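Right, one structure below, let's go through it.
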Amino acid sequence: MSQLQPIKGTHDLMFEDIRRHRHVEETAFEVASRYGYGEIATPVFEFTDVFKRTLGDTSDIVTKEMYTFETKGGDSVTLRPEGTAGVARAFISGGLAQQTPLKFFYRGPMFRYERPQKGRQRQFHQIGVELLGVPTPQADIEVIALGAHILKELRLTGAVTLEINSLGDIESRAAYRDELVRYFSARTDQLSADSRERLARNPLRILDSKDPADKAAVVDAPRFTDHLNAASKDFFQQVQDGLAALDISFKVTPALVRGLDYYGHTAFEFTTDALGAQGTVLAGGRYDGLIKQMGGPVTPGIGWAAGVERLAMLLPELAQANRPIAVIPIGDEETKVALAVTNTLRHAGLSVDIAYSGNMGKRMTRANKIKAAFAVILGSDEVRDGVATVRNLDTGDQVKVAQADLARHLAAFK
RNA sequence: GCGGGUGUAGCUCAGUUGGUUAGAGCAUCUGGUUGUGGUCCAGAGGGUCGCGGGUUCGAGUCCCGUCACUCGCCCCA
């Protein structure tokens with residue numbers, strides 16, 4: 001084992017991995033821009049307070065999963081564990097309230113100090129969207145439709161399930177929370193140790209516990225959907241009708257909750273069973289209280305985030321990348337011509353690699369290795385005649401082409 | 001933070017009840033073929049068996065510790 005280790009939970013992306021990674025990001029951004037979303041790139045770190053205020057002091061993310069450190073100037077800063085807080089901070093500090101509605105797409109690395117496992121790393125990447133300033137269900141519908149559309153474009157529709165739920169407005173949520181606490185408090189002996197703790201801190205979380213005892217206790221628990229007030233119920237119904245109208249299939253899951261305090265009304269999750277324990281692939285919800293809670297003007301918002309690594313793992317095989325052309329000079333004198341030919345072809349928009357060393361057989365082998373479609377061979381005869389031998393590496397056919405016509409000849413096969 | 005599994009060649013792995021020189025396939029390199037690759041044939045290089053300690057005449061194999069990876073809990077995208 002080498003002395004030089006990567007930091008636990010971090011990975012180097014290269015070759016096929018990064019192709020898949022970029023494919024996810026670029027597909028997502030392309031689709032999002034069709035919906036009017038513009039890209040925003042916020043810093044990867046913020047004052048720690050930004051995350052404390054948005055995520056709440058009790059969430060596990062804040063209490064034990066943040067990379068927090070002190071700067072030389074004595075400020076406490078934190079590597080972002082998620083993307084919404086930074087966007088919300090940018091909204092406030094940039095005075096963007098005058099420009100609503102705003103639609104943002106973001107992508108980039110996030111950091112959480114967690115024990116790595118399948119689909120979970122310490123530095124991971126998310127793509128996400130935020131729609132700020134639209135209080136009506138149309139926003140919820142559009143944001144979910146966008147998520148579904150991206151997954152479709154990634155050819156993942158069959159691999160994921162959309163679950164939705166309503167967390168109601170503040171009034172409904174407070175009432176439901178009280179009811180839930182009353183219910184579980186009468187049954188603490190049936191709950192797992194973890195859930196007894198959740199009861200005090202985040203009772204909604206008991207609903208999606210994986211513990212068998214908890215699951216049994218949850219079966220007869222009061223349901224959120226039965227405790228929504230009229231306004232919340234109507235809001236949720238409109239979201240469901242809107243999704244149905246767009247032919248987006250979904251399942252209402254009363255146990256679906258959010259880990260973070262600022263969510264209300266719509267919560268949704270696209271999940272898969274193909275990734276082991278970390279099955280959530282794209283998830284989000286409405287956060288009407290967030291901007292205000294951070295000290296900004298009252299501004300409704302809704303958004304989601306998706307894990308790029310998780311999506312990349314699910315992705316079907318990507319189409320082969322464009323195959324390059326291999327230029328193969330045979331001697332030193334020919335190499336000079338080969339460099340000029342290579343330069344010309346590259347400027348003509350072709351992707352070209354040149355074999356710098358080895359005998360001809362070795363250079364041909366190298367051409368195979370980079371999956372070249374054609375070899376452009378330049379020996380003394382070719383150079384003397386101002387031509388090149390163009391060999392189709394799949395069929396073995398080869399023809400002589402004037403050097404001046406190479407770009408045109410090869411472009412036809414691109 | 002807690003629990004399970006795994007660490008042997010660049011990669012994937014085998015290695016018997018502890019036994020003398022640790023193997024295979026793939027990959028790499030060389031030659032057969034000094035202007036023609038993907039196939040084939042022949043050969044070569046490459047390992048302090050994760051690290052440290054212990055038991056033993058003898059440890060890749062057994063024991064203890066440690067580190068790393070991995071899966072799950074927790075949390076979450």
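In what follows, chains are A, B, ... by sequence order, proteins preceding strands, each numbered from 1. Computed from a prediction, not measured in an experiment: that's the story for all the values here.
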For residues 366-389 of chain A, tabulate all N or O donor-acceptor pairs below 3.5 Å that involve a side-chain atom, not counting sequence neighbours.
unit_1, atom_1, unit_2, atom_2, d
A:Glu382, OE1, A:Gly379, N, 3.0
A:Glu382, OE2, A:Thr389, OG1, 2.5

Both atom distances under 3.5 Å, Watson-Crick or G-U wobble: I'd like the secondary structure of RNA chain B as a dot-bracket string, with | for pairs made across strands.
(((((((..((((.....[...)))).(((((.......))))).....(((((..]....))))))))))))....
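- Taking only side-chain atoms of A:Arg391, from C-beta outward, the nucleotide of B:rG38, B:rC74, B:rC76 with the closest atom is B:rG38.
- Among the atoms of the strands shown, base atoms are found under 4.0 Å from some heavy atom of A:Gln398.
- Residue-level contact check: A:Arg366 touches neither bases nor backbone, having no heavy atom under 4.0 Å from any strand.
- Taking atom CG of A:Asp394 as the reference point, atom C1' of B:rU36 lies 15 Å away to the nearest angstrom.
- Taking only distance into account, the side chain of A:Arg115 never meets the base of B:rG1 through a donor-acceptor pair shorter than 3.5 Å.
- Aromatic ring centres of A:Phe124 and A:His11: separated by at least 6.0 Å.
- For the P atom pair drawn from B:rG50 and B:rU6, the interatomic distance equals 13 Å after rounding to whole Å.
- The cationic group of A:Arg122 lies under 6.0 Å from the six-membered ring centre of A:Tyr113 and within 45° of the ring axis, placing it in a cation-pi geometry.
- A salt bridge links A:Asp208 with A:Arg205: at least one charged nitrogen is closer than 4.0 Å to a carboxylate oxygen.
- By the 30° and 60° cut-offs, the orientation of the rings of A:Phe45 relative to A:Phe69 is tilted.
- Residue A:Glu269 is out of contact with every strand shown, counting any heavy-atom pair closer than 4.0 Å.
- The interatomic distance linking A:Met360 (CE) with B:rG38 (C1') rounds to 14 Å, in whole Å.
- In this model, no side-chain donor or acceptor of A:Asn368 finds a partner on the base of B:rG38 within 3.5 Å.
- Within the 4.0 Å cut-off from OP1 or OP2 of B:rC69, at least one side-chain nitrogen or oxygen of A:Lys8 is found.
- Between A:Asp226 and A:Arg223 there is no salt bridge, since no side-chain N of the basic residue sits under 4.0 Å from a carboxylate O of the acidic one.
- In this structure, A:Arg363 reaches neither bases nor backbone, as no heavy-atom distance under 4.0 Å exists between it and the strands shown.
- Within the structure, every pair that satisfies the side-chain hydrogen bond (donor to acceptor under 3.5 Å, both in side chains) test and touches residues 162-171 of chain A, not counting sequence neighbours, is listed here: A:Glu163-A:Thr253, A:Glu163-A:Thr271, A:Asp169-A:Ser172, A:Asp169-A:Asn229, A:Asp169-A:Ser232, A:Glu171-A:Asn229.
- Between A:Tyr176 and A:Phe224, the ring-plane angle classifies as parallel under the 30° and 60° cut-offs.
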Could you list all N or O pairs between the protein and nucleotides 28-30 of chain B that sit under 3.5 Å apart?
unit_1, atom_1, unit_2, atom_2, d
B:rU28, OP1, A:Lys369, NZ, 3.0
B:rU30, OP1, A:Lys362, NZ, 2.4

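- With the nearest nucleotide of RNA chain B identified for both A:Ala277 and A:Thr389, A:Thr389 has the one nearer the 5' end.
- For A:Ile330, taking side-chain heavy atoms from C-beta onward, the closest of the listed nucleotides B:rG35, B:rG37, B:rC74 is B:rG35.
- Across B:rC26 and B:rG43, the matching P atoms stand 14 Å from one another, rounded to whole Å.
- For the pair A:Ser209 and A:Leu282, nearest-nucleotide mapping onto RNA chain B gives the more 5' position to A:Ser209.
- Here B:rU70 is the nucleotide among B:rC73, B:rA77, B:rU70 with the atom lying nearest to any side-chain atom of A:His11.
- The phosphate of B:rG72 has neither OP1 nor OP2 within less than 4.0 Å of any side-chain N or O from A:Arg120.
- At the heavy-atom level, A:Gly396 lies under 4.0 Å from base atoms of the strands shown.
- In this model, the phosphate group of B:rC73 is approached by a side-chain N or O of A:Lys210 to a distance below 4.0 Å at OP1 or OP2.
- Using a 4.0 Å heavy-atom cutoff across all strands shown, A:Ala367 reaches no nucleic acid atom at all.
- Figure legend: A:Arg187 and A:Tyr183 shown as a cation-pi pair, the cationic atom lying under 6.0 angstrom from the six-membered ring centre and within 45 degrees of its axis.
- A salt bridge links A:Arg120 with A:Glu114; the closest basic N to acidic carboxylate O contact falls under 4.0 Å.
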Every protein N/O lying under 3.5 Å from an N/O of nucleotides 39-42 of chain B:
none

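- Checking B:rG37, B:rC74, B:rU36 against every side-chain atom of A:Lys64, the shortest atom distance belongs to B:rC74.
- One finds no salt bridge joining A:Glu46 and A:Arg80 here, because no Lys/Arg side-chain nitrogen approaches an Asp/Glu carboxylate oxygen to under 4.0 Å.
- As judged by a 4.0 angstrom heavy-atom cut-off over every strand, A:Glu334 is placed among residues making no nucleic acid contact.
- Counting heavy atoms from C-beta on, the side chains of A:Phe105 and A:Ser33 never come closer than 4.5 Å.
- Comparing the C1' positions of B:rC69 and B:rG25 gives an interatomic distance of 24 Å, to the nearest angstrom.
- Picking from B:rG37, B:rC73, B:rA77 the nucleotide with the shortest atom distance to the side chain of A:Arg112 gives B:rA77.
- Judged by distance alone, with hydrogens and angles left aside, A:Glu65 brings no side-chain donor or acceptor close enough to the base of B:rG1 to form a pair under 3.5 Å.
- Listed for the A:Thr335 side chain is a donor-acceptor partner under 3.5 Å among the backbone atoms of A:Gly331.
- Atom P of B:rG15 sits at a distance of 10 Å from the matching atom of B:rG7, rounded to the whole Å.
- Nucleotides B:rG46 and B:rA22 have their C1' atoms positioned 14 Å apart, rounded to a whole Å.
- Every pair passing side-chain hydrogen bond (donor to acceptor under 3.5 Å, both in side chains) that includes a residue from residues 123-148 of chain A is listed here, sequence neighbours excluded: A:Tyr37-A:Glu142, A:Thr84-A:Glu130, A:Lys103-A:Glu142, A:His125-A:Glu309, A:Glu130-A:Tyr287, A:Thr136-A:Gln138, A:Asp140-A:Thr266, A:Asp140-A:Arg286.
- One P atom belongs to B:rG3, the other to B:rU66, and the distance between them is 12 Å to the nearest Å.
- Counting any heavy atom pair closer than 4.0 Å across all strands shown, A:Gly128 reaches no nucleic acid atom.
- An OP1 or OP2 oxygen of B:rG72 is reached within less than 4.0 angstrom by a side-chain nitrogen or oxygen of A:Gln117.
- Within the nucleic acid shown, A:Ile328 has no heavy atom closer than 4.0 Å to any nucleic acid atom.
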